[in-house]
Amino acid sequence: MGNNEEYTAFLQARRCELMRYIAQVAGAAGRNPQDITLCAVSKTLPAEKLPCALRAGYRVFGENRVQVLQEKLDMLRTPACQSICAATSNAAAAGNPAGACAPVSFDMIGTLQKNKLNKLIGAARRIQSLADVDMARALNERCAVHNVRMHVLLELNISGEASKSGFSVPELMEHMSGFTELSHLVIDGLMCMAPAHARDEARACFKELTRVQARLRADYNLSCSVLSCGMSDDFDIAIQEGSTLIRLGRILFDPQYDIQSLTQRS
Ligand SMILES: *Cc1c(COP(=O)(O)O)cnc(C)c1O
């Protein structure tokens, strides 16, 4: 799919199919599909293909490396991308539901590095992957210097897998009151990644995320309204368990991803 028009057509068709499926899964779970935001994980999408993704209608992106996030922002500022965004927002203003009018933004979803926080603060709309106490303090300090408040999600490692970053639930509870005092961070909610290829474990993981949210609401008077969970292989389960932000990569951007198997998921 070297050809941009062809790739845009693929992305558009895939997006339509997925939006329909998301609405169906949400409806069956008694949820409003409008309450579920799709974050397009563009980490494997080369910057020069960003216009294709914008044409297909994506506006909320997730990246896992600061450098690449900046490259995508540079691409976004080019006339080619700006005219796509302007055309779709004009269409939306004129009442064409196909026109997306939301501004384009990039969330950071990957491991943070202290020496890249300054760059990240200027580039990301939100950090979904705040995963340790030390980093939370460092980020708060950096934001204070820049005089900004950064929206963050606290990443939980619910499954306890050593390969995953994030707070354990007891650790989060222990440090939570400290986090609420970090005045340059706005805690929007929680994020987690479920174990791969294990649908029952994924469900248990998402259920736990919802339970933690309920505890934070009760104990800290935080709304913590964003639950970022669900990836290509398990977003249907995440929607059933209350996700408000699904992070999809391969299923959106990879023509080889087998979407037929969606309907066979149980
Ligand atoms: C890559 C990535 C995703 C998307 O995963 P897919 O399986 O490609 O949908 C979601 N979240 C995080 C944190 C990622 O690194």
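If you read the sequence from its start, that first residue is 1, and numbering goes on from there. Counting convention: from 1, in listed order, for ligands and their atoms alike.
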Original post:
Taking distance alone, with no angle check, do Arg250 and ligand 1 share an N/O pair under 3.5 Å?
Top reply: yes
Original post:
Can you find a heavy atom in the side chain of Ile22 that is under 4.5 Å from one in the side chain of Phe235?
Top reply: yes
**OP:** Considering heavy atoms of the protein only, find what lies nearest to atom 5 (O) of ligand 1 and give residue, atom and distance to 0.1 Å.
**Re:** Met231 CE, 3.6 Å
Original post:
Do ligand 1 and Asn64 have nitrogen or oxygen atoms that lie under 3.5 Å from each other?
Top reply: no
Original post:
Does Glu208 pair with Arg211 as a salt bridge, N-O distance under 4.0 Å?
Top reply: yes
Original post:
Does the pair Asp107/Arg125 count as a salt bridge with the N-to-O cut at 4.0 Å?
Top reply: yes
**OP:** Please report which non-hydrogen protein atom sits nearest to atom 13 (C) of ligand 1, along with the residue it belongs to and the distance in Å to one decimal place.
**Re:** Ile109 O, 3.6 Å
**OP:** Check whether any side-chain heavy atom of Leu139 lies under 4.5 Å from a side-chain heavy atom of Ile121, and answer yes or no.
**Re:** yes
Original post:
Which residue and non-hydrogen atom of the protein lie closest to atom 14 (C) of ligand 1, and at what distance in Å?
Top reply: Lys43 NZ, 3.1 Å
Original post:
Does an N or O from Gly249, backbone or side chain, lie closer than 3.5 Å to an N or O of ligand 1?
Top reply: yes
**OP:** Give the residue, atom name and distance (to 0.1 Å) of the protein heavy atom nearest atom 11 (N) of ligand 1.
**Re:** Arg247 NE, 2.8 Å
**OP:** Answer with side chain, backbone, both or neither: which part of Gln128 has a heavy atom less than 4.0 angstrom from an atom of ligand 1?
**Re:** neither
Subject >> Which residue and heavy atom of the protein sit nearest atom 9 (O) of ligand 1, plus the separation >> reply: Ser232 OG, 2.5 Å
Original post:
Mind checking whether Leu216 and Leu172 have side chains closer than 4.5 Å, heavy atoms only?
Top reply: yes
Subject >> Ligand-side contact atoms (ligand 1) for residue partner Leu248, heavy atom cut-off under 4.0 Å >> reply: 9 (O)
Original post:
Parallel under 30°, tilted from 30 to 60°, perpendicular over 60°: which one fits the rings of Phe61 and Phe106?
Top reply: parallel
Subject >> Within-4.5 Å side-chain heavy-atom neighbours: Asp254 and Thr44 >> reply: no
